[in-house]
Enquirer: 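Got a structure for you, written out below as structure tokens; questions coming shortly.
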Number of protein chains: 2
Amino acid sequence: MHGPAIEDYVKAIYKVSQTAERVTPSAVAEGLDISLAAVTKMVRRLVEKRLVVYERGEGIELTPSGTQVALEMIRHHRLLELYLHQALGYPWDRVDEEAEKLEHVISEEFEDRIDSLLGHPTHDPHGAPIPTKDGKIDDTRHPALADIEPGSTVLVRCVRDRDPEMLRYLGRLGLYPDTLVEVVDREPFGGPMRLRVAGNPCDVGEELARNVFVSLGEESEC
Amino acid sequence: MHGPAIEDYVKAIYKVSQTAERVTPSAVAEGLDISLAAVTKMVRRLVEKRLVVYERGEGIELTPSGTQVALEMIRHHRLLELYLHQALGYPWDRVDEEAEKLEHVISEEFEDRIDSLLGHPTHDPHGAPIPTKDGKIDDTRHPALADIEPGSTVLVRCVRDRDPEMLRYLGRLGLYPDTLVEVVDREPFGGPMRLRVAGNPCDVGEELARNVFVSLGEESEC
DNA sequence: AGATATACTTAACCGTGGTTAAGTCAATAG
DNA sequence: CTATTGACTTAACCACGGTTAAGTATATCT
């Protein structure tokens, strides 16, 4: 159908669109760690393939078929991450890299088989939602731990998965998805937050707390 | 290190070298189903990369480092085939296609994990030997079933894996590796062989019998 | 020896996906 | 209003991996 790069672009565009309200070529270039010129050229091809629409100053927008491609890749990626973790015993800080390469080559059959072996899971090891086969995804946005008022008890929903170092550290703290965290207090001016995770106290810095997403109620994970 | 095509070429060269005594560019082109011109060009690159040596009329020969690359790919391929079959329930006629794509992207870690999950297997689902990590491979050549004298009882060692249709048919006959087969008799002039497979009689044509490899003694599979 | 068929090489071309360097465009500062 | 800055585009280039078409070499047949 299309080259592997196309899939990476569409995925990158989707991810930027989740964070920023306008998807600029420069944001995509940054996300893919390539030159802006490469993005300009590729965006023209994406437009020709009707995967995106683009107007200078308006940003890049995925068409429905572009969104479908993006969600397929994200589904592959997250199913693979979970599979590597559950079935092959990968630690959660190494699943992203492997899934990044595998997601472009697995067949529909592979996808279906690991999906059913995993019991049709809804979230990957970092708590990110897995799109369904028909392109639906839970797009609930959770607040960062950094924005939580002291005194609250919150449920870790997901953590950013791009920095293996940080993931290993989070693992040592026990800050996994579906963990309850009590925000004890916080030093001012970007000072550390004092938490209680499963009974154990720990202090986390601003950067870390920006990369952990939580929900206020301690409702069961759905 | 090198592009995915390089790996396919080196693997194809290795496979041809197992069958023919001289690896001609045309044999490689046929194996990869590409033009002869493409092979000419790529062989020059392989020579530059010291993966092969080549002289017109002498054929293509893998260097030690070329052989290593080929065996790495074959190891990936066969481990993956077995894994897909054992762990994901793929039927044996669909593992080749999936493994073909996966073999180029899996990491050392993936290879090691499935290897130990499978208990360090020695053969893939079609009976082909899996090279060890340090590049050793059981290169025993088994005679084709077609060359066996009537009256013998033989052990199926391996079957060619490239034709899914044939694999499904072999499966219906029960002609799996490690199966005992009694060669009852044979019609002359390329006529069918009459076999007894696990008690059941069946007749197989020349083409099929050329794609099943057996050993005479009923020694245990090693 | 000469014609022909087979095997291989070379040349020109294409799409993909990247680079750097230079140019344009629009918003903002003075 | 102009100068500058940041965002984007264009152009020229490159490596990769393929194609077709044309040319060369070698072996074989007569």
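Per chain, numbering begins at 1; letters A, B, ... match sequence-line order. The structure displayed is predicted, hence computed values, not measured ones.
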Enquirer: Would you tell me if any nitrogen or oxygen in the side chain of Arg45(B) comes within less than 4.0 Å of OP1 or OP2 on dG17(D)?
Expert: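 Yes, Arg45(B) has a side-chain N/O under 4.0 Å of OP1/OP2 on dG17(D).
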Enquirer: Want to settle it: does Lys49(B) or Val39(B) sit nearer the 5' end of DNA chain D, counting the closest nucleotide to each?
Expert: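 Counting from the 5' end, the first nearest nucleotide belongs to Lys49(B).
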Enquirer: Without decimals, in angstroms, what is the distance between Glu30(B) CD and dC8(C) C1'?
Expert: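 For the pair Glu30(B) CD and dC8(C) C1', the rounded distance is 15 Å.
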Enquirer: Does the pair Lys133(A)/Asp115(A) count as a salt bridge with the N-to-O cut at 4.0 Å?
Expert: no
Enquirer: By nearest atom, which of the nucleotides dG17(C), dA11(C), dG17(D) is closest to the Met42(B) side chain?
Expert: dG17(D)
Enquirer: Would you mind reading off the distance between Glu58(B) atom CD and dT26(D) atom C1', rounded to a whole angstrom?
Expert: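 Value for this atom pair: 14 Å.
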Enquirer: Below 4.0 angstrom, N of the basic side chain to O of the carboxylate: do Glu100(B) and Lys11(B) qualify?
Expert: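 Here Glu100(B) pairs with Lys11(B) in a salt bridge, since their nearest N and O are under 4.0 Å apart.
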Enquirer: Please tell me whether Asp96(B) and His77(B) have a donor and an acceptor in their side chains that are separated by less than 3.5 angstrom.
Expert: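 The criterion, which ignores hydrogens and geometry beyond distance, is satisfied for His77(B) and Asp96(B).
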Enquirer: Look at the side-chain N and O atoms of Thr40(A) and state whether any lies under 4.0 Å from the OP1 or OP2 oxygen of dC8(D).
Expert: no
Enquirer: Using a cut-off of strictly less than 4.0 Å, decide whether Arg56(B) has a side-chain nitrogen or oxygen near OP1 or OP2 of dT24(D).
Expert: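 No.
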Enquirer: The side chain of Ser35(A) lies closest to which of these nucleotides: dG17(C), dC8(D), dT20(C)?
Expert: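 Selected nucleotide: dT20(C).
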Enquirer: Rounding to a whole Å, what distance do you find between Leu32(A):CG and dG18(C):P?
Expert: 8 Å
Enquirer: Expressed as a whole number of angstroms, how long is the span from Lys41(B):NZ to dC13(C):P?
Expert: 13 Å
Enquirer: Backbone N or O of Glu98(B) within a donor-acceptor pair of the Tyr90(B) side chain at under 3.5 Å?
Expert: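 No, the answer is negative, given that no donor and acceptor are paired below the 3.5 Å cut-off.
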Enquirer: Side-chain N or O of Ser26(A) less than 4.0 angstrom from OP1 or OP2 on dA7(D)?
Expert: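 Ser26(A) to dA7(D) OP1/OP2: no side-chain N or O under 4.0 Å.
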Enquirer: Between dG18(D), dA21(C), dG18(C), which nucleotide gets closest to the side-chain atoms of Ala37(A)?
Expert: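 Nucleotide nearest to Ala37(A)'s side chain: dA21(C).
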Enquirer: Measure CG/Asp33(B) against C1'/dG17(D) and give the value in whole Å, please.
Expert: 15 Å
Enquirer: On the nucleotide dT9(C), are OP1 or OP2 found under 4.0 Å from the side-chain N or O atoms that Tyr54(B) carries?
Expert: yes
Enquirer: Between atom CZ in Arg22(A) and atom C1' in dG6(D), what is the gap in whole Å?
Expert: 14 Å
Enquirer: Tell me what Ala38(B) touches on the nucleic acid: a base, only sugar-phosphate, or nothing, going by heavy atoms under 4.0 Å.
Expert: base
Enquirer: Where the side chain of Arg141(B) meets the backbone of Gln18(B), is there a donor-acceptor pair that is under 3.5 Å apart?
Expert: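 The answer is yes, because a donor-acceptor pair under 3.5 Å joins these two groups.
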Enquirer: Grab the CZ-C1' distance between Arg44(A) and dC8(D) for me, whole Å please.
Expert: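 After rounding, the reported distance stands at 12 Å.
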Enquirer: For Ile6(B) and dA15(D), what is the distance between atoms CD1 and P respectively, to the nearest whole Å?
Expert: 14 Å
Enquirer: What's Ile34(B) touching, base or sugar-phosphate or nothing? Going by heavy atoms closer than 4.0 Å.
Expert: sugar-phosphate
Enquirer: Is the shortest side-chain N/O distance from Tyr9(A) to OP1 or OP2 of dG18(C) below 4.0 Å?
Expert: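 Yes.
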